Structures are given as C-alpha cells and as structure tokens.
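Step one of this worksheet: look at the structure below.
Just so you know, these numbers come straight off a predicted model, no measurement behind them. We name chains A, B, ... by the order of the sequence lines, and we start the count at 1 in each one. Just so you know, these numbers use all the heavy atoms, side chains as well, and skip hydrogens, waters and symmetry mates.
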Number of protein chains: 2
Amino acid sequence: MARATVQDVAKTAGVSVGTVSRVLNGSPAVSASSREKVAGAIRQLNYRPLASARDLRRDRTMRVLALSKNLDSPVISEAFRGFGDAAAEAGYVSLIAPTSGDLEREQQLVDMLRNGSVDGLILFSPTMPDEDVEALAEQLSVVQVCEIVDSEAAFGVSIDDRQAAYDITRHLIRTGARRLAMIGNQAARSGRLREQGFREALSQAGLTAEQTLFATGTFDFHAGRRLARELLAMDRLPDAVFCGSDTVAAGCVREITDAGLRVPDDLAVAGFDDSIQAEMCVPELTTIRQPAYDMGRVAFQALLERMTGPGAHRRGRTFLPHELVIRDSTKIQ
Amino acid sequence: MARATVQDVAKTAGVSVGTVSRVLNGSPAVSASSREKVAGAIRQLNYRPLASARDLRRDRTMRVLALSKNLDSPVISEAFRGFGDAAAEAGYVSLIAPTSGDLEREQQLVDMLRNGSVDGLILFSPTMPDEDVEALAEQLSVVQVCEIVDSEAAFGVSIDDRQAAYDITRHLIRTGARRLAMIGNQAARSGRLREQGFREALSQAGLTAEQTLFATGTFDFHAGRRLARELLAMDRLPDAVFCGSDTVAAGCVREITDAGLRVPDDLAVAGFDDSIQAEMCVPELTTIRQPAYDMGRVAFQALLERMTGPGAHRRGRTFLPHELVIRDSTKIQ
DNA sequence: AATGATTTTGGAATCGATTCCAAAGCCCCG
DNA sequence: CGGGGCTTTGGAATCGATTCCAAAATCATT
C-alpha cells in the first residue's frame, strides 16, 4: 500500500490536482462541494502531502535548527524551549542537534542549512572558527545565542557576560572578599568575557586576582572539584571564588565542604546561570540569572526576520538583562 | 546570486546533468577528466545539491528524529548521544525535538515522519495514547526507548524497570530497612513498573509499603522536596525511601537534611538513573545505572533495520542490563 | 581497418506538490 | 436571451536531482 499522492486524491475526489492543492492550502477559490469531496478523499486515502515535493516547489521548509555542543545544559534547554515556542507560534517546526564539539558533525549539520533542509539556524556554541560563522551568516539565515562572534554579518542574542561577571564580582567584594579567585572556561568566548568582567571589578577596587584557573577539558562538576583542589592547596586560601557556571561552582562547594571547610565562612563561592544546580547545592549558590527562555524567543524573532524579512538584515547583538541572585554561598551584606 | 543548480554546474563544466549527478554520487562510470571538470565547477559555483529535490527523487532523507518531553534529562541526553553516534556511523543525520508534553506539538513532530521529512522516529516519552503509537509503528519506522508500549507492532529498548526497582529495594531491605516508602511517578509507564518492582521486593520479604507518594505535576527536585515533607510529617518515620529518579532523590535528601535529620542514619534514600545528580548529592546516592548510551545505540540499530530491512520487522522489546550502584545514601551491609 | 565489447556520455522522463493561465461555469442585470 | 463580470476548474509547466536508455566514444582484438 504505497503512499497516496495528490493525483490519487484528485482521482478519488473526481477533481483535478489543482483543486486538491487549492484545498490543501486553503485557497478561497474552491467551491464548498469540491472542498468536501477532496476532504473526503484525503481522509479515505489517509493522504499527507510529501514534504520534499512541497519544499522543492515552495523553496522553503518551515523548519529551523539549533546546534549546540550538549543537550544537558539547563541554559540551552531553556533557551531552546523559548526558541521552540516562538517558532511554533510562527508555524515553524524547531529541531535541535548536539555536535559534541565535533567539527565534522557540526559541518554535516550546518550543511542542512546550506542544502535547504532547514530555513534557518541557531548556533549556541559553534566549534567552527569565527570566520566560518561569519561567512555562513553572510549568505544564510543564522543567529547566534549565548556565544556570539562579534561580526558584521551575524546577529546574536546573549546577556552581557562581561557586565554580569563584573556585577557578581563586585558583590563578592562588597561582602568583604579581598583575595579573589576565579575558575573559568577560556575555551568559550563567554568565558573570556566573564574573566574580563572579573578582572575589571577587581582592578576597580584596587585588587588583583589571587588565582585564576581554567578548565582544560570539559567544564563540569568534576572539573570544578579538580580545580577547587588546586585552590585548597594554595599557601593562603582566597576569600572567595567566582565560577563560570553553577555546575562547576557546585563541584567547588563540594570539594571545599569535603575538605572540612565551610562555605561561605571560610571561602565564598559564586556561580553563573541560575540553573537548578544552584538550588540543589548546599549552601545554595549566589549566581547570575540568564533569561534563557527569552533569549530563545528573541533569537527566533531575529531568525524569522532574517529568513523572511526584506533585504536589509538586522545586525549586531542584542543584550538581555541578567540578574544577580544572592543566596547563601556568599557572605551577607 | 541565486542558488546554483545541477544545470548550472553542467553548463560550467561543459558536461551533461547526468554526468554531474554521477560525479556527485560517486558513480564509477565517469572519466577522470569529467570528474575533474565537474569538481572544479562545483567549487567555483559553491554548489550544494538541494535536499528537497534529492529527497523527492530518492524517496528518503537520511534523517532520523527523536522525540522526548524534555531535553534536560541526563538519561535522555546520554541516550541521544548514543543514538546520534550510531546514526552518524550509518550516514544518517539525527535530530531531536522536545514536545514539552504538549500533544499538539507532538503531533506536528510526528507528522514529520508521516510526510517524509524524516525516515525514522525514536520515541522517548510519548504523550499520545498507546494505540496511536501502535498504529504509527504499524506503518512507519518507529522505535521506543525507555518508555515502551507493550505492543505487537512497536519495537522498544529499555532496562527492565520492574527488576531494577526490585533490585534496589532488596538492597534497602538487606541493609536493614523494614519500613519502606516510595516516591514515584505514576504518570510514566516506567514509573508504574518501578512501583511494581518495589512492591514485589517488599512482599517477598514479608513487608508492605509504609507509604507511597506520587508526583502530580513535574517529577523534579522541587517535587522531591515537597513529597519528602509529607514523609517527614508521618507519625513514625520510614527507614528508607526509594525514589523514581536521582533528581527527586536529591530533593528528598535535601529536605531530610534541612529538617536536621541524617541520611542514611535516620532515613536512607535510593535514587534511579545514576545521573550526575547522584554524585552531586551529599551523601552521594545509591542508585540504578541505566546504560543510556548503549540504549541509544541499540535503538538506532533497531530503527535502521525497520527503515531499510526486509519486510519482516523485528518486534518486541530489548532489555539492556542495569546495575545497582551503591553509595552513601543507604546504610552499609 | 573492421568488428565487437566496453566505457562514457547526453538527455529525456521521473519524483509529487504548487501555481499560473486559459477555459468553463455561473450569476446578475438589462 | 445575451453578454459582462465573477467564481471555479482543469491541466500543463515548474521546482532540482536522479536514473534509465540509447547513442557516442574508446579500446581491444584479429
């Protein structure tokens, strides 16, 4: 029992393929009686228009794709939810694919945009070099989220990572910390911006970083533990450590606690993202809330504009407001 | 600058479209000189075959899709990694889309299989009724993972949830627990199987459940806390509580600890999944390891068989071995 | 050099849905 | 009843890549 085609429906309904197509696409130029006959035939044959044929003719797919390294990041999963909701409202199907940081896999997925498998692309954390992102955005509909290449061609949505790191570092200083350390991720552009904000806040207070550690491989709970161990091995402990993510901060807190020290009394810890991990941690983490859901929504809006909008593409970045969330992993006042 | 077509490439290379297509598809029936000319033209025009045209003609897309409620579950993200790796090895592109438990969204995504946007579908946690899954699997290539409808037509991969719950409950009993409680998720088929295993282990030991609580909305950290509060309000505390997920167990541990009680001395806690949360928890959780990555791989293999295999489809379920991971949230010996 | 076998090529037909154009059908009004 | 305008319809052309068939080119052999 092969798939029914528009021809089969036309024959069954006793009309022409043109009429069937018109019914399918809600054209008003169809009589009620034809509409009914076609609807009946469609039901009878369990007909669905073949996507590839439709896409070929229409020259668009009504599908958009998001690429990220991982799926298990709370920020990404939340941003994708916003993206997906906005996409659905506009009649688009949204898909996501993890690249695992593998360039070849990423290329294969980006090719889906190049070969018209999807109409638009969201990049969360590209592995490819910046100039490739730029070249891609030059021709096709691409929007970056969280990690943004500062480019003419590409459009991006994120928080102001530098400012956010600045804000939370200032909070650490305000609560009395003088010897500050940082555990960051230099592999990510956002990580470098956060380092910058961290250093600016310090130098503005007349301080310098006591220690800055950067993960080499993954930036996760275990990395947090490992790097915290290095902090604990220092001759004189810092007062506070700013971590580039909640997950890493949680690892940090865990290692400190296991060593018999107390957070925040012996060593304050600050995270980033305000993911569920910040609340699961004991003590709960002071962190920066990223408006991930909204970032996703805004990203889709920008993508839609690029896909359908007039020639003049909107460019540059959009920064959404972040929020300092103060909890018990840092000292009071 | 419109997209180049196979016609353009043919003209530029000075050959026919047939030859271009043969080069694209690596047919041996092309002379070296033609091959070179075509390769040059492709590079010059930056040509990519249009997916929709190719898919239409070939009647397949080399794309597969996975559907799940959420993205942020560690089991799902890991299973999808296995699925994606296996897919890539076979030359398929794998995509994932969250449904948010919304039936309409799910239908729209399932339609991607019906209308040939993808060749196969993996279902992690369908929202649609069982008979719909079955009807779908009757006609098209569908494989279930984790949550499996026990059907003739559908093929599925999971662990033996009943047995796993039985095993971990027996461990609780072995370590001295007599008054056991459970916090589960009756909304999921796997949750119901786990409840069954829990009860079987109890009755085999001549015990009955002291308390069984089920989440009504989401099954997450906060739900764990909320339900743990109910346990703590009982006249006489249970010895141990089996939770249907690590995340919920973590919430449970947190609530118990905040109440000034100690895990496992006052109340032992067991989780499920062996996700990173099990290690982030203090004390770390005794739990059941699901071979999520392998489940994903096996699921793709099954899907591939359904997509390309001969008429006789493999049916039924495949159970992969789980593993009891003993940590500090349960008593020793 | 001719013949046959083999390799390589060109180009038309095809996949299925959409769209455009012309023709047919309908309605209304004088 | 005829004709101008409107609605509705049929069907061919189209989107771009693949594939099949026949023709052309090449090669080998005598």
Please lay out, stage by stage, how A/Val15 and A/Val38 fare under the test side-chain contact (heavy atoms from CB on, under 4.5 Å). CA-CA 8 Å; A/Val15 299; A/Val38 171; 3.8 Å; yes
Rounded to the nearest Å, what distance is computed from the [atom1] atom of residue [X] to the [atom2] atom of nucleotide [N]?
X       : N      : atom1 : atom2 : value
A/Leu50 : D/dC15 : CG    : C1'   : 14 Å
B/Lys37 : C/dG10 : NZ    : C1'   : 13 Å
A/Arg35 : D/dT8  : CZ    : P     : 9 Å
B/Lys11 : D/dA17 : NZ    : P     : 13 Å
B/Leu24 : D/dA17 : CG    : P     : 8 Å
B/Asp8  : D/dG16 : CG    : C1'   : 10 Å
B/Arg60 : C/dC15 : CZ    : P     : 17 Å
B/Gln7  : D/dT14 : CD    : P     : 12 Å

Measuring from A/Gln107:CD to A/Arg114:CZ, what's the distance to the nearest 0.5 Å? 5.5 Å
Taking atom CD1 of B/Ile96 and atom CG of B/Leu71, what is their separation to the nearest 0.5 Å?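 Spacing of CD1 (B/Ile96) from CG (B/Leu71) equals 5.5 Å.
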Expected output is a numbered-order residue list: members of residues 42-49 of chain A with a heavy atom under 4.0 Å from any atom of DNA chain D. What is it?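 Nothing qualifies; none.
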Restricting to side chain to side chain contact (heavy atoms under 4.5 Å, CB included), what partner residues turn up for B/Leu103, sequence neighbours left out? B/Glu106, B/Thr127, B/Met128
Pairing residues for A/Glu36 by the side chain to side chain contact (heavy atoms under 4.5 Å, CB included) criterion, not counting sequence neighbours: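 Side chain to side chain contact (heavy atoms under 4.5 Å, CB included) check on A/Glu36 returns nothing, list empty.
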Electrostatic pair A/Asp161-A/Arg192, nearest N-O below 4.0 angstrom: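 A/Arg192 and A/Asp161: not salt-bridged.
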Quick test of your reading of the model: are B/Lys69 and B/Glu147 salt-bridged, counting only N-O distances below 4.0 Å?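 Salt bridge: no.
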Just do the salt bridge (charged side-chain N to carboxylate O under 4.0 Å, His left out) check on A/Arg3 and A/Asp8 with the steps written out, would you? CA-CA 9 Å; A/Arg3 159 185 285 282; A/Asp8 302 327; over 6 Å; no
Using a 4.0 Å heavy-atom cut-off, does B/Val20 contact any base of the nucleic acid, only the sugar-phosphate backbone, or nothing at all?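 The residue B/Val20 makes no contact with any strand.
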Which comes earlier along DNA chain D counting from the 5' end, the contact point of A/Ser33 or that of B/Leu56, where each point is its nearest nucleotide?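 This one resolves to A/Ser33.
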Identify all pairs in which a protein N or O lies below 3.5 Å from an N or O of nucleotides 19-28 of chain C, and state each distance.
| from | atom 1 | to | atom 2 | distance (Å) |
| --- | --- | --- | --- | --- |
| C/dC20 | N4 | A/Arg22 | NH1 | 3.2 |

If only atom types and distance count, is the side chain of A/Ser73 paired as donor or acceptor with the main-chain N or O of A/Val75 below 3.5 Å?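 Judged by distance alone, yes, a pair lies under 3.5 Å.
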Sequence neighbours excluded and cut-off under 3.5 Å, please list the side-chain donor-acceptor pairs for residues 39-58 of chain A, or say none.
| from | atom 1 | to | atom 2 | distance (Å) |
| --- | --- | --- | --- | --- |
| A/Arg48 | NH1 | B/Asp111 | OD1 | 2.8 |
| A/Asp55 | OD2 | A/Arg63 | NH2 | 2.5 |
| A/Arg58 | NH2 | A/Asn25 | OD1 | 2.5 |

Between C/dT18, D/dG10, D/dG16, spot the one nearest the side chain of A/Ser16, thanks.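 The closest nucleotide is D/dG10.
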Without hydrogens or angle criteria, can the side chains of B/Tyr293 and B/Asp85 be said to hold a donor-acceptor pair below 3.5 Å? yes
Are side-chain N/O atoms of A/Asp102 and A/Ser100 paired as donor and acceptor at under 3.5 Å? no
Take the C1' atoms of the five end pairs on each side of the helix from C/dA1-D/dT30 to C/dG30-D/dC1, get both axes, and report the angle to 10 degrees. 50°
Less than 4.0 angstrom between a side-chain N/O of A/Ser52 and OP1 or OP2 of C/dG16, yes or no? no
